[in-house]
Amino acid sequence: MVGKWGVVVLLLGATYVFPNELIGDLYQRNNLVHINLLRNSIFFDQNSNASELSVLENYHIGNYSAFIKSYESTYKDKINADNQLMFYYLISKYKIKEYSSLKNIYPSINAEMLSIDNWRDLQKVKAISYYLDGNEASLSKLVLDVKADSRSNQELMDVLADVYKLELASNGLNATANVNVDYYDAWTNLKEGKYGIAKGYFDKAKMDITESDLRCEFIEYGLGVALYASGNYQEAVEKFQKKYTSAELAQSVAFFKILAAFDNKNYSEVVTLSAEFLADKPSNYVSQTNYLRGVSLYSLGDKEKAKKVLEEVKDFSAFVKYILAEIYYDEGSYAKAKTYYQGAKSSNDVLNSYVNYGLGWATFKLAQYKEAESIFDKNQANENLSENIKLDMMLKSADSSYNSGSYKDAAKKYIELLNVLSKNKEGNRSLYNQNIYNLVTVYMKLKDFKKANEILEKYFPEVKNDREKVLIRTLIGNNNYQLKDYKLAAKVFEEILVVYSAYKDEDIYISLANSYFNDKEYGRALVVYQDYFKEYPKGEKDMDAKYGMVQTYYHLNQLESALALAKDVDETYGIGLVKEIEGKIKFKKETVIE
């Protein structure tokens, strides 16, 4: 079945010749299937375009040397090719660094016939060619012409500005063409992050000029930047020690000294150097310096000053907002921290990982638990975060479920976290122990006291500390009490008093006496209440113990003792206990069967 546009072409009875731009687009997208179909298509003029397609193939797969060879064998006089092919020929020569031939090619290219992107690339190549030939007049005119052209964009202007700066640096000097090329290649590689290659070109350029050449300063500076970017901070600083006649270089060097101190984590020096640098009212690096100064102040613990400095920074907005968010979080201003975290989102995946982690915590602190849970769930498997942070995010997601009242979801998440932690208990001991109690607490909230005790009993043998053992036995005893297994509860509390007597407290006595009381062992309950008063004559649980004793006296039929103690309780606490006991005594007398 013929497609819609195919029908139109056939009806017209014409053979469609595909333009080079379309073929180029297919290659740029690596669309080899369509290219092969194109070769055999009835719409492809086999006679006129076959050679062009073959030539283009090498260009668009980046095989520039092969493209040049094929181009030159096809178009022997170099000018019979169409405008687009000549442009590709120019770019290929540039790509393989045959700079000397550029000036012979671009005059033959009709710039007005090129696409906007190709037009911009042509201006870049012309600028580089003018610079390498030392043609400052043409370069200056090109910069002005391009600046006035509506097809220009910021990237093109940045490239021209960079090239023009290189020309100004060598203005009036009789440097060889080789120096220009090496110098250009050095700065190009430096900008592309190829620091080792850049250093090699700087070294070559330095060999061909005299010490009086102004470019010596720029070469020394470039070498310093290359060394710095490679992590050789000390060598870089040594390069930066010389005095520079160029004000722009002097500012750059001063800034790199600050940067080197920052990378060496010498934050006090950063603060000192940045104050000196900013006092000179520099035209460049102000925001960057304030950023380094602010982060250094933060690292030194002076968060208030750091906040004031960073709030003035206009650039590096995402990271600055992240640091400000951290500062506001640390001072407890969670709402403001959340706002800054949200504003710190960027295209940097690593930064976003930490931003989301902080955002989750700030949201959690604001008691917005459902939202916090969602943030933690989405980010806890992030590859940019450490394992400890991932585990913490799992924990906070579970905590968020718990705090929002979703106890079953919380239990599921705590169990999932425990399974991960169990693979390395000792390495994660603190978090593992904490999570045991979290899970127990959830089951207690769900009133599944039996399950809570199963976890505690299984965990108990791992505990080495007696104080923690007492805590676990207390929880187990309380859970047995909630299950109304008073006999077993009493047994656990007895164990604590006997085995861990050094850690006994008022609650254990009261819990044991109450367990006996509910198990109807009133005599034993009374003894424990009395033991409590011997141990804690002015204890905080005084009222609880006396109230329990009153009830115990009553059940032991020691009614006078019950009433007397009830009066004592009422005098102190006024809870109406006398009236309660008198009512019980009256009821007992009226219902006694003779």
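Treat the numbers as computed from the prediction; the structure is a model and nothing was measured.
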Problem - Ser397 side-chain N/O to Met393 backbone N/O, donor-acceptor pair under 3.5 Å - result: no
Practice task
Please tell me if the side chains of Lys365 and Tyr329 come closer than 4.5 Å, counting only heavy atoms from C-beta onward.
Solution key: yes
Exercise for the section: Check the side chains of Ser406 and Lys370 for a donor-acceptor pair under 3.5 angstrom, ignoring hydrogens and angles. Expected result: yes
Problem - Residues Lys413, Asp377: salt bridge by 4.0 Å N-O rule - result: yes
Practice task
Please check if the side chain of Asp280 supplies one atom and the backbone of Pro282 the other of a donor-acceptor pair under 3.5 Å.
Solution key: no
Fill in the blank from the handout: Closest non-hydrogen contact found for Ala452 with Asn479 is CB-ND2, 3.7 Å
Problem - Worked verdict on Phe449 versus Tyr443 for ring-ring contact (aromatic ring centres under 6.0 Å, His included) - result: CA-CA 6 Å; Phe449 303 108; Tyr443 281 125; over 10 Å; no
Exercise for the section: Evaluate the side-chain proximity of Tyr547 to Tyr573: yes if any heavy-atom separation is below 4.5 Å, no if none is. Expected result: no
Exercise for the section: Give a yes-or-no answer on whether the side chains of Tyr529 and Asp544 include a donor-acceptor pair shorter than 3.5 Å. Expected result: no
Practice task
Find out whether Glu535 and Asp531 are in side-chain contact, i.e. whether some heavy atom of one side chain is under 4.5 Å from a heavy atom of the other.
Solution key: no
Practice task
For Lys445, look at atom NZ and say whether over 12 heavy atoms of other residues, nucleotides or ligands are found less than 6.0 Å away.
Solution key: no
Exercise for the section: Just do the ring-ring contact (aromatic ring centres under 6.0 Å, His included) check on Tyr340 and Tyr322 with the steps written out, would you? Expected result: CA-CA 6 Å; Tyr340 272 105; Tyr322 170 69; over 10 Å; no
Exercise for the section: Applying salt bridge (charged side-chain N to carboxylate O under 4.0 Å, His left out), run through Glu462 and Arg429 and close with a yes or a no. Expected result: CA-CA 11 Å; Glu462 299 179 28; Arg429 176 53 68 182; 3.2 Å; yes
Problem - Phe319 CZ to Leu324 CG distance, which is reported to the nearest 0.5 Å - result: 11.0 Å
Handout entry: N-O pairing of Lys584 and Glu580 below 4.0 Å
Key = yes
Handout entry: Distance in Å, Lys408 NZ paired with Leu446 CG, rounded so as to fall on 0.5 Å steps
Key = 7.0 Å
Problem - Between Asp349 and Asn384, a side-chain donor and acceptor under 3.5 Å - result: no
Problem - Heavy-atom side-chain contact between Ile581 and Gln551 under 4.5 Å - result: yes
Handout entry: Exam field: side chain Asp519 to backbone Glu521, donor-acceptor pair closer than 3.5 Å
Key = no
Exercise for the section: Kindly confirm or rule out a cation-pi arrangement of Lys396 over Phe364, judged by NZ or CZ under 6.0 Å from the six-membered ring centre and within 45° of its axis? Expected result: yes
Handout entry: Tyr486-Tyr481 aromatic ring centre distance below 6.0 Å
Key = yes
Problem - Minimum heavy-atom distance between Gln530 and Tyr553, given as atom pair plus value - result: NE2-OH, 4.1 Å
Handout entry: Pair Glu560-Ile585, side chain to side chain contact (heavy atoms under 4.5 Å, CB included): steps then yes or no
Key = CA-CA 10 Å; Glu560 290 182 5; Ile585 291 171; over 6 Å; no
Practice task
Would you confirm whether Asn435, through its side chain, and Leu431, through its main-chain N or O, come within 3.5 Å as a donor-acceptor pair?
Solution key: no
Problem - side chain to side chain contact (heavy atoms under 4.5 Å, CB included) against Lys546, all qualifying residues, sequence neighbours excluded - result: Phe533, Asp542, Leu565, Asp568, Val569
Problem - ring-ring contact (aromatic ring centres under 6.0 Å, His included) partners of Tyr522, counting only residues at least two apart - result: Phe517, His555
Practice task
Would you check if there is a donor-acceptor pair between the side chains of Gln368 and Tyr334 at a distance under 3.5 Å?
Solution key: no
Practice task
Please assess Met543 against Thr572 for the test side chain to side chain contact (heavy atoms under 4.5 Å, CB included), listing each intermediate value before the final yes or no.
Solution key: CA-CA 9 Å; Met543 190 188 80; Thr572 306; over 6 Å; no
Exercise for the section: Using only heavy-atom distances, determine whether the side chains of Tyr341 and Glu326 contain a donor-acceptor pair under 3.5 Å. Expected result: yes
Handout entry: From CA spacing to verdict: side chain to side chain contact (heavy atoms under 4.5 Å, CB included), Leu395, Tyr414
Key = CA-CA 7 Å; Leu395 173 64; Tyr414 285 132; 4.0 Å; yes
Problem - Side-chain touch Lys450/Asn453, heavy atoms, less than 4.5 angstrom - result: no
Handout entry: Minimum side-chain heavy-atom gap Gln251-Phe255 below 4.5 Å
Key = no
Problem - Under 3.5 Å side-chain donor-acceptor pair for Asn433 and Tyr459 - result: yes
Handout entry: Distance-only polar pair, side chains of Asp330 and Tyr298, donor-acceptor under 3.5 Å
Key = yes
Exercise for the section: Evaluate the side-chain proximity of Glu304 to Glu331: yes if any heavy-atom separation is below 4.5 Å, no if none is. Expected result: yes
Practice task
May I ask you to decide whether Asp570 forms a salt bridge with Lys567, counting only side-chain N to carboxylate O separations under 4.0 Å?
Solution key: no
Problem - From CD1 (Ile375) to CG (Leu359), nearest 0.5 Å - result: 4.0 Å
Handout entry: Electrostatic pair Glu495:Arg473 at N-O distance under 4.0 angstrom
Key = yes
Exercise for the section: For the pair Lys257 and Glu276, find out whether any cationic side-chain nitrogen is under 4.0 Å from an anionic carboxylate oxygen. Expected result: no
Handout entry: Beyond-backbone contact of Tyr437 with Ile455, side-chain heavy atoms, under 4.5 angstrom
Key = no
Practice task
Mind listing the closest non-hydrogen atom pair of Val320 and Leu310 along with its distance?
Solution key: CG1-O, 3.4 Å
Handout entry: Rounded distance [0.5 Å steps], CD1 in Ile508 versus OG1 in Thr474
Key = 3.5 Å
Exercise for the section: First locate atom CD of Glu468, then atom CG of Leu471, and finally report the distance between them rounded to the nearest 0.5 Å. Expected result: 6.5 Å
Exercise for the section: Would you check if the side chain of Asn480 reaches a backbone N or O of Ile476 as a donor-acceptor pair within less than 3.5 Å? Expected result: yes
Exercise for the section: Output the distance between atom CG (Leu418) and atom CD1 (Ile436), rounded to the nearest 0.5 Å. Expected result: 4.5 Å
Problem - Enclosure of Lys307 NZ (heavy-atom neighbours >12, cutoff 6.0 Å) - result: yes
